[in-house]
Structure formats: structure tokens, C-alpha cells
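Chain A is the first sequence line, chain B the second, and so forth, proteins listed ahead of strands; every chain is numbered from 1. Since we're looking at a predicted model, the values are computed, not measured.
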There are 2 protein chains.
Amino acid sequence: MTTSLADTPELTKNQSLVFDTLTGATRPLSAYSILDLLRDEGLRAPLQVYRALDKLQEAGLVHRLESLNAFIACRQSDCCAHPSVAFAICEICGQVREYSDDSLSKRIRAWAKAENFALSKTTIELRGVCQSCAEA
Amino acid sequence: MTTSLADTPELTKNQSLVFDTLTGATRPLSAYSILDLLRDEGLRAPLQVYRALDKLQEAGLVHRLESLNAFIACRQSDCCAHPSVAFAICEICGQVREYSDDSLSKRIRAWAKAENFALSKTTIELRGVCQSCAEA
DNA sequence: CGAAAGATGTAATAACATTACATTATCTTT
DNA sequence: AAAGATAATGTAATGTTATTACATCTTTCG
Ligand SMILES: [Zn+2]
Ligand SMILES: [Zn+2]
Ligand SMILES: [Zn+2]
Ligand SMILES: [Zn+2]
């Protein structure tokens, strides 16, 4: 089975369907939106989507946006190499820019070390208006 | 009406109830937990809590933790002076540390400026294990 | 083959949040 | 004080997001 664009880990049918849906989207999708888009492909229940999303997140192919309760496909080739990724979410058009800033994650790790906080995951989400929406 | 600890803006009855509940808690509370704690005080419906939380957030007295769908009272006197606040959430005990790191927010604002992203709000949430839980 | 692990299908329910509408309190102006 | 405006409240219903429970099927591997 080689359905998807990035088949780093071999994806199952449901995982591929969900991943391809996210890859084709230009904005974050909620689990239920994904489900609706995949009804014709045979998906019937939320759990089918949530299970696929879990695996895709573990594989680093998909990110969850906490402030949106929604998901996007990873757009950064070297995303896994960076300890913390940031997302800039446009409040007008809904588009999301993913970026890594090493000095940002360095600062965070320094704070964690100084405070003896054993860091396992960081969430950085920026809200605002993107350049093209500001121009319009 | 001067019921609450920090009455910077004059709080209404429901706002005070919700704020005092959060101030008394040692961990983040969900809106529905707050509601349950305030049934005896006369609160009946989720909306009563959500409305109070909205006002308290506007006033900067309460923060929403996006990755937890929960709320905490602000514990930083000068929180509003800092453009972006970070939260370190312990995955064992549930306690949350709130801190401000100016160089962190400087980095974020620099990125936003370079990318012409009109930043309105930043969410920074760290997950991990706090010092006392690591020692235990 | 047969056990174990993983993936799937389905239903039900839990948890979180908002819309809509009616009412009451507070403040402002006359 | 009366009238009108604004903000807060009460209540019900509904919408949205996520998980639990249980049965079935598939793949892997000794
Ligand atoms: Zn990524
Ligand atoms: Zn935009
Ligand atoms: Zn604060
Ligand atoms: Zn802890």
C-alpha cells in the first residue's frame, strides 16, 4: 500500500485517507470535518478518524493545533529535527504557517533546565493576521 | 460589592464566585468543574460560568490553558505588562507554573515583524514533569 | 497452526462550548 | 422619579469535540 505522499512509516488505509485529506487542505480541519470529507470513502465514526490522527501525530506527519481543536499536515521537511515548532494562525483566512526557531526552543529548554522542569512537549501558537490578509 | 481578592475591576456576583473558585484551586479547573463547585452558590448552567470566564479573561485575571481546556487564576502581579506568558504544566500533579520570559516574546515579535504577521495573541504551553514530582 | 499484536467497525456516552430568548439589574438622562 | 439604554442574569436547547466499551478481523511470527 503506497497511497500517500510521505510514506515514511507504512500507513494503513484509514491513516492514508486522513493524511491525504489533511495534505490536500489549505486550512486546519477538525476531526469531524475530516470524517465528513471521508464518508464517501467508507468512514462512519469519529473514532476511526481519531485513531488515524493519533498514529499520524506519533509519526510526526500531523500536528494538532490546541487553540483550534484542529489538525494540519506537517509542512516542514525537518520538523522532527526541531525540538519545538511554532504555528502562526491567521484569524482572517485561517491559514497556518509552521516554523521552527532554534533560539526560541533554546530559551525554553534553558528555562526548563533552570527550573528542573523535565520538558516533554511544547505548544507555541500565534494568533494574528497574515500579510496577505492585512494587505487586502 | 467587594467580595474578591483582586477587585481591580469591580466584579459581579458570578464573576467573583468563579474568580474565587479559581484562586482557591491549586490546579486548572474546567468550566464544568467550576460549575459543579458552584452549584450550592446557585449556579445552574454552563453559560453562567463561561460568561464570567470571558470577562475575567478580558480583565487579565484568568488564563485559559488551550491544551487542557481549563482555566487558572493569574498568579503574576505584572502579567499584563508582558506581551507573552508561558505556562509549564506538570503531567503528574497537574500544577501549572506561569512565567514570563522577555527574550522569548522578543524572539516571537521579531519573527512576526519579519514575516509581516500582525500578532495579537501568543499561546505558549509546556508539558513535562515538575521538580517535586521528579524527585518523588 | 495458534497465540499475540495491531487495526477496524459500531454504538453509546462523556466532555466542552455556544445560540437563542426572556428577564432583571444598573446606569444615564431628563 | 420616569424613561430609555446598557450590562448582567437565568434557562433551555443544541452544537461540537473526544472517549469508552466491546466485537471482529488481519497480520505477524514462533
Ligand atoms: Zn511539522
Ligand atoms: Zn490571512
Ligand atoms: Zn497571568
Ligand atoms: Zn508535578
May I ask you to verify if any side-chain N or O of [X] is less than 4.0 angstrom from the OP1 or OP2 atom of [N]?
X       : N      : result
A/Gln48 : C/dG9  : yes
B/Arg51 : C/dT19 : no
A/Asn69 : D/dT16 : no
A/Ser30 : D/dT17 : yes
A/Thr12 : C/dT8  : yes
A/Lys13 : C/dA7  : no
B/Arg64 : C/dA17 : yes

*Taking the six-membered ring for Trp, are the ring centroids of A/His63 and A/Phe71 within less than 6.0 Å of each other?*
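That pair fails the under 6.0 Å test.
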*asked:* Should B/Tyr50 be counted as stacked on C/dT18, where stacking needs a ring-centre gap under 5.5 Å and an angle between planes under 30 degrees?
replied: no
To the nearest Å, how far apart are [X] [atom1] and [N] [atom2]?
X       : N      : atom1 : atom2 : value
A/Leu68 : C/dC16 : CG    : P     : 18 Å
B/Ile34 : C/dA17 : CD1   : P     : 10 Å
B/Asp54 : D/dT9  : CG    : C1'   : 14 Å
B/Leu56 : D/dA8  : CG    : P     : 11 Å
A/Leu35 : D/dT16 : CG    : P     : 13 Å
B/Glu41 : D/dT9  : CD    : C1'   : 16 Å
B/Phe19 : D/dA8  : CZ    : C1'   : 19 Å
B/Glu10 : D/dA7  : CD    : P     : 17 Å

_B/Thr23 and B/Leu61, any side-chain heavy atoms less than 4.5 Å apart_ = no
*Toward the 5' end of DNA chain C, which comes first, B/Ala31 or A/Gln15, by nearest nucleotide?*
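Its nearest nucleotide being more 5', the pick is A/Gln15.
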Scan side-chain atoms only and decide if [X] and [Y] contain a donor-acceptor pair under the 3.5 Å cut-off.
X        : Y        : result
B/Thr123 : A/Glu66  : no
B/Thr12  : B/Asn14  : no
B/Thr122 : A/Arg127 : no

*B/Tyr32 side chain: which of D/dT11, C/dC16, C/dT10 is closest?*
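Comparing D/dT11, C/dC16, C/dT10 against the side chain of B/Tyr32, the answer is C/dC16.
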*Given D/dT19, D/dT11, C/dA7, the nucleotide with the shortest approach to the side chain of A/Leu47*: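 Within the option list, the nearest is D/dT19.
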*Hey, which sits more toward the 5' end of DNA chain D by its nearest nucleotide, B/Leu43 or A/Pro46?*
B/Leu43
